[in-house]
Amino acid sequence: MDRIRIVGGNALNGAIPISGAKNAALPLMIVGLLTDELLILENVPRLADVAQLQHILGNHGVDITMSGKRPGDSAYQGQTLHISAKRIVDTTAPYELVSKMRASFWVIAPLVARMGEARVSMPGGCAIGTRPVDLLITALEALGAEIEIDGGYVVARAPKGLRGGTIAFPKVTVSGTHVALMAASLAKGTTVIENAAREPEIVDVAECLGKMGARITGAGTSRIVIEGVPRLSGARHSVLPDRIETGTYAMAVAMTGGDVTLQGARPELLQSALDMVAQAGATVTPTNEGIRITRNGAGLSAVNVSTAPFPGFPTDLQAQLMALMTCARGTSRITETIFENRFMHVQELARLGARIHLEGDTATIEGIDRLKGAPVMATDLRASVSLVIAALAAEGETTVNRIYHLDRGFERLEDKLSACGAQIERVSG
Ligand code: EPZ
């Protein structure tokens, strides 16, 4: 199994191109199921999760081709996917596929909206908590789908089509909002989503649906209104830049010191995270090219933060901020409010010498002068990358094992960091 070997201590200097957002690319690919015409997605990151979803959609009969690279394209340019769901051959998403990637459960919405039926395996547990799908099911029921649980599968039926309705989410849910948007776009009549997620990836999906002929207003606010249409057409859409990748590299530069421009990054997608990076002691400057992060000399300051839905501090950057705080002056507190078990990185950061005390949903971090390299591993994507950030500043060598988690969500991580002066390499076998 591949590992990543890092020798810490080098400052990062240079430029890092930011890839398209994984968490927008995945629902956008699923949107392709809503139309029998061609959906062209540009700036899709080259990630294991994207390849896996390609495989899952293939099982429903979706034909996905990739444009080849043109002369002059850089290695970092995202890929262009041509998605054609002209003929859906199977409305079942089996356990073997759905259990590999939770987001694939979302195919239930376009399948029942377009085909009148879907049989999708429940995703099951995952490393960051129980992550149920009850809110997705109630959203579909509010649009008239009949739901039955049968042998571990959610069976959704709407033989006469879905109809508009009111969906009032009791808590903010990204997955619930994606599913509601997709289903309501093809429902008869008007749907109102109350307490909708406001994440930029929701806005990106709504924009793409709009290009396909959906009538959506209010995406990016907590009240979204959708006037259903009988059919959607093809479209061309470019995936927005990855705010979590942006925040991760911003924290890496804050950790090691240096001067890096995050090319193509958009500050408004992660203002709360950039505020934390600035509070911790780095300088954050929006530029024409993206976002420039610098930290020279001065030590890091401790910060306190709770994760929250957008525009709050994202749970997907909680582990990375914790890595940064391991070397801050003083005591910081980080509270995780979105997922109940998202602290797998704590034990592994402790292997590098970090002093972290965990109580309930809050981690208290006593900053130390320097971490020391060690072999580590993590069972989740963001936890794994937090270990990379810590290792970049640690004394000596760190080996990060089980890096297939990193490959799920970070495109060419080691290339991007080594181009900025990090001593990082992938070791095969
Ligand atoms: C999305 O997950 C992201 N995944 C996650 O990123 C991200 O951490 C999360 O949103 C929060 O921002 C993708 O976009 C593919 P939710 P999602 O529905 O949609 C509870 C990463 O590392 N809930 O907003 O599954 C749920 O358990 C990943 O890239 C219910 O109770 O998150 C959680 O506590 C990890 N019932 C809260 O809501 C439901 O039916 C928010 O979940 C659905 C969710």
Side-chain angles (χ1 to χ4, degrees), residues 19-31 45 47-50 52-53 56 98 100-109 120 122-142 147 149 154 167 169-182 193 195-205 222 239-240 242-248 269-270 272-273 306-320 336-345 361 378-386 405-411:
S19 298
K22 167 181 85 82
N23 287 349
L26 300 177
L28 284 166
M29 289 169 72
I30 293 174
V31 159
L47 296 172
D49 268 9
V50 167
Q52 178 69 26
L53 183 57
I56 291 168
V98 179
K100 288 197 179 122
M101 189 182 30
R102 292 187 54 84
S104 61
F105 182 82
W106 306 349
V107 300
I108 194 167
V120 180
M122 309 257 268
C126 89
I128 62 175
T130 48
R131 301 184 77 187
V133 289
D134 55 322
L135 300 175
L136 285 62
I137 291 175
T138 36
L140 292 173
E141 280 175 337
I147 306 280
I149 310 291
V154 180
I167 300 167
F169 285 118
K171 66 154 102 167
V172 177
T173 158
V174 172
S175 53
T177 307
H178 278 312
V179 157
L181 264 180
M182 290 184 212
I193 309 175
N195 199 22
R198 295 154 66 191
E199 268 66 6
E201 293 75 22
I202 298 282
V203 179
D204 207 38
V205 166
S222 51
V239 179
L240 90 171
D242 195 316
R243 66 194 165 101
I244 305 304
E245 188 193 28
T246 307
T248 299
L269 302 182
L270 72 158
S272 60
S306 285
T307 60
F310 191 85
F313 185 86
T315 173
D316 289 347
L317 286 171
Q318 180 256 107
Q320 298 89 316
E336 172 58 56
T337 69
I338 308 288
F339 293 112
E340 82 267 27
N341 183 26
R342 205 173 195 184
F343 284 122
M344 285 84 60
H345 41 289
D361 60 1
T379 45
D380 150 58
L381 163 64
R382 312 302 177 186
S384 300
V385 86
S386 79
H405 290 294
L406 288 171
D407 292 335
R408 287 189 38 218
F410 288 92
E411 190 175 21

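Just follow the structure's listing: the first ligand is 1, and inside any ligand the first atom is 1.
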List the atom of T337, the atom of S306, and the distance in Å for their closest heavy-atom pair.
CG2-CB, 4.3 Å
Does ligand 1 have any atom sitting under 4.0 Å from a heavy atom of F105?
no
Could you say whether the N/O atoms of I338 and ligand 1 ever approach to under 3.5 Å?
yes
Output the distance between atom CG (D380) and atom NE2 (H405), rounded to the nearest 0.5 Å.
7.5 Å
Between S175 and ligand 1, does any nitrogen or oxygen pair lie at a separation below 3.5 Å?
yes
Any N/O of L381 closer than 3.5 Å to an N/O of ligand 1?
no
Any N or O on E199 sitting closer than 3.5 Å to an N or O of ligand 1?
no
With a cut-off of 4.0 Å, which atoms of ligand 1 are near a heavy atom of L136?
40 (O), 43 (C)
Checking salt bridge (Lys or Arg N to Asp or Glu O under 4.0 Å) for the pair D316/R342: CA distance, chi angles, key distance, verdict?
CA-CA 10 Å; D316 289 347; R342 205 173 195 184; 2.7 Å; yes
Ligand 1 contacted by G409 (non-hydrogen, < 4.0 Å):
no
Test of understanding: given a 4.0 Å heavy-atom threshold, classify the contact between K171 and ligand 1 as side chain, backbone, both, or neither.
side chain
Classify the contact between R342 and ligand 1 as side chain, backbone, both or neither, using a heavy-atom distance cut-off of under 4.0 Å.
side chain
Partners meeting side-chain contact (heavy atoms from CB on, under 4.5 Å) with P309 (sequence neighbours left out):
V172, E199, I338
Pick from D49, N23, T337: the one approaching atom 13 (C) of ligand 1 most closely through a non-hydrogen atom:
N23
If you compare all heavy atoms of D242 against all heavy atoms of I244, which two are closest, and at what distance to 0.1 Å?
OD1-N, 2.9 Å
Test your reading of the structure: does T173 have an N or O sitting under 3.5 Å from an N or O of ligand 1?
yes
Heavy-atom contact under 4.0 Å between K22 and ligand 1?
yes
Any idea which of V385, T315, D134 brings a heavy atom closest to atom 11 (C) of ligand 1?
T315
Quick test of your reading: applying side-chain hydrogen bond (donor to acceptor under 3.5 Å, both in side chains), list the pairs with at least one residue in residues 169-179, sequence neighbours left out, ordered by first then second residue.
T173-S175
Pairing donors with acceptors under 3.5 angstrom, does anything connect the side chains of H345 and Q318?
yes
Name the option, out of G176, P132, P27, A308, that contains the heavy atom nearest to atom 43 (C) of ligand 1.
P132
Using a 4.0 Å heavy-atom threshold (strictly under), name the region of D316 that reaches ligand 1: side chain, backbone, both or neither.
side chain
Under a plain distance cut-off of 3.5 Å, with no hydrogens placed, do S222 and R198 share a side-chain donor-acceptor pair?
no
